[in-house]
Protein chains: 2
Amino acid sequence: MQLKKQFGRRVQQLRLAKKITQEELAEHVGVSIESISNIERGIHGPSFDNLEKIILALNVPAKMLFDFDEE
Amino acid sequence: MQLKKQFGRRVQQLRLAKKITQEELAEHVGVSIESISNIERGIHGPSFDNLEKIILALNVPAKMLFDFDEE
DNA sequence: ACCACACCCGAAGTCTAGCTTCGTTAAAGC
DNA sequence: GCTTTAACGAAGCTAGACTTCGGGTGTGGT
């Protein structure tokens with residue numbers, strides 16, 4: 001429950017750093033914009049396959065998405 | 001596909017570092033021993049809720065489970 | 001004032017894959 | 001030879017990831 005929210009905030013931070021919209025990220029990942037919205041708000045986490053796609057779309061090392069200290 | 005295997009190996013490494021068996025980890029996480037076995041072999045990744053429980057069970061920061069460089 | 005954009009937020013339904021329970025096999029240690 | 005640990009397959013269940021609908025909010029541009 002805690003982790004989803006922390007992860008969601010991290011996705012949003014890295015997405016904004018890339019200056020792309022939720023819709024653009026959704027297209028790159030291959031999911032709906034609502035799914036990205038839900039992930040960023042911590043409603044639910046991504047599947048492991050989509051986690052990998054998010055990492056590729058944001059072009060960051062995996063551990064950066066779980067590095068909550070350097071927010 | 002790539003990520004599940006890397007993640008699985010990392011779980012095994014950190015579990016062995018704690019000197020606990022798959023069965024003990026399974027009990028702490030609250031899943032079956034086969035599920036832990038499948039995760040470590042990269043058959044499937046954990047759900048986000050169980051990912052959080054794995055982090056707690058191994059007592060490591062989340063990013064350490066995705067830090068594949070320091071294997 | 002109006003429109004477009006970006007996003008939040010439900011509700012309700014679909015469906016994948018995470019998880020389970022069976023069973024078998026095999027290596028390592030004592 | 002017994003026990004422990006873990007790999008591995010198959011088959012079924014189910015939670016939750018994901019979807020589509022619809023409505024709402026705030027901002028910036030013209």
Side-chain angles (χ1 to χ4, degrees), chain A residues 1-68 70-71, chain B residues 1-68 70-71:
Chain A
M1 318 231 292
Q2 179 91 311
L3 187 66
K4 288 183 199 170
K5 290 186 180 177
Q6 288 177 311
F7 176 81
R9 284 213 314 272
R10 200 81 184 98
V11 169
Q12 189 176 48
Q13 287 168 357
L14 293 170
R15 176 179 61 82
L16 293 176
K18 287 275 173 189
K19 296 188 195 293
I20 60 176
T21 65
Q22 286 184 340
E23 191 170 17
E24 287 171 319
L25 179 57
E27 285 170 4
H28 283 103
V29 175
V31 296
S32 69
I33 184 177
E34 285 83 3
S35 185
I36 297 294
S37 175
N38 284 330
I39 289 170
E40 289 191 357
R41 286 180 293 139
I43 305 300
H44 61 69
S47 68
F48 232 73
D49 284 344
N50 284 336
L51 172 58
E52 187 166 12
K53 292 178 187 172
I54 289 171
I55 290 165
L56 293 173
L58 292 175
N59 195 32
V60 293
K63 64 176 175 179
M64 193 172 291
L65 274 167
F66 293 90
D67 195 352
F68 308 126
E70 297 183 14
E71 288 185 15
Chain B
M1 322 227 291
Q2 178 93 312
L3 186 66
K4 288 183 199 171
K5 290 186 179 177
Q6 288 177 310
F7 176 80
R9 284 212 315 274
R10 202 80 184 98
V11 169
Q12 189 176 50
Q13 287 168 357
L14 294 170
R15 176 179 61 81
L16 294 176
K18 287 274 173 189
K19 297 190 196 294
I20 60 176
T21 65
Q22 287 183 340
E23 192 170 18
E24 287 170 319
L25 179 58
E27 286 169 3
H28 284 105
V29 175
V31 297
S32 68
I33 183 177
E34 286 82 4
S35 185
I36 295 295
S37 175
N38 284 330
I39 289 170
E40 288 191 358
R41 286 180 293 140
I43 305 300
H44 62 69
S47 68
F48 234 73
D49 284 345
N50 284 336
L51 171 58
E52 188 167 10
K53 292 177 187 171
I54 290 172
I55 290 165
L56 293 173
L58 292 176
N59 195 31
V60 293
K63 64 175 176 180
M64 194 173 289
L65 274 166
F66 293 90
D67 195 352
F68 308 127
E70 298 183 14
E71 290 186 15

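These numbers were taken from a predicted model, which means no experiment stands behind them. So you know, we letter chains A, B, ... as the sequences are listed, proteins then strands, and number each from 1.
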| said: Let's see if you get this right: which residues in residues 41-50 of chain B place a heavy atom under 4.0 Å from DNA chain D? | reply: B:Arg41, B:Asp49
| Starting at CD of B:Glu27 and ending at P of D:dT5, how long is that distance when rounded to a whole Å? | 11 Å
| note | Sequence neighbours excluded, the answer for side chain to side chain donor-acceptor pair (under 3.5 Å) partners of A:Lys53 is none
| said: If the condition is side chain to side chain donor-acceptor pair (under 3.5 Å), which residues does B:Glu52 pass it with, not counting sequence neighbours? | reply: none
| message | Return whichever of A:Asn38 or B:Glu23 has its heavy-atom-nearest nucleotide of DNA chain D closer to the 5' end. | response | B:Glu23
| task | Mind checking B:Gln12 for me? I need base, sugar-phosphate or nothing, with any heavy atom below 4.0 Å counting as a touch. | result | sugar-phosphate
| Have B:Gln13 and B:Arg10 got a donor and an acceptor in their side chains that come within less than 3.5 Å? | yes
| Can a side chain N or O of B:Ser37 be found less than 4.0 Å away from OP1 or OP2 on D:dA7? | yes
| Validation row: B:Ile36, B:Glu23 side chains within 4.5 angstrom (heavy atoms) | no
| request: Could you tell me the separation between the CG atom of B:Leu16 and the C1' atom of D:dA6, rounded to a whole number of Å? | output: 11 Å
| B:Glu27 side chain to B:Glu24 backbone, donor-acceptor under 3.5 Å | no
| task | Ignoring backbone atoms, establish whether A:Thr21 has a side-chain N or O less than 4.0 Å from OP1 or OP2 of C:dA6. | result | no
| message | Rounding to an integer number of Å, can you tell me how far B:Glu24 CD sits from D:dA6 C1'? | response | 13 Å
| query | Does A:Arg15 make a side-chain N or O approach to OP1 or OP2 of C:dA6 shorter than 4.0 Å? | reply | no
| query | So, A:Arg15 side chain and A:Leu58 main chain: donor-acceptor pair closer than 3.5 Å or not? | reply | no
| said: For a quick test of reading the model: is some side-chain N or O of A:Lys4 closer than 4.0 Å to OP1 or OP2 of D:dG16? | reply: no
| said: Using the side-chain contact (heavy atoms from CB on, under 4.5 Å) criterion, which residues pair with B:Leu56? Sequence neighbours excluded. | reply: none
| task | Name the closest nucleotide to the B:Val31 side chain, picking from D:dT19, C:dT20, D:dT5. | result | C:dT20
| request: State, with a plain yes or no, whether a side-chain heavy atom of A:Phe7 is found less than 4.5 Å away from one of A:Leu51. | output: yes
| note | Computed from five pairs at either end and rounded to 10 degrees, the angle between the axes of the helix from C:dA1-D:dT30 to C:dC30-D:dG1 is 50°
| Think A:Gln22 has a side-chain N or O under 4.0 angstrom from the OP1 or OP2 of C:dC8? | yes
| Can you name the residues that form a side-chain contact (heavy atoms from CB on, under 4.5 Å) with B:Glu34, not counting sequence neighbours? | B:Ser32
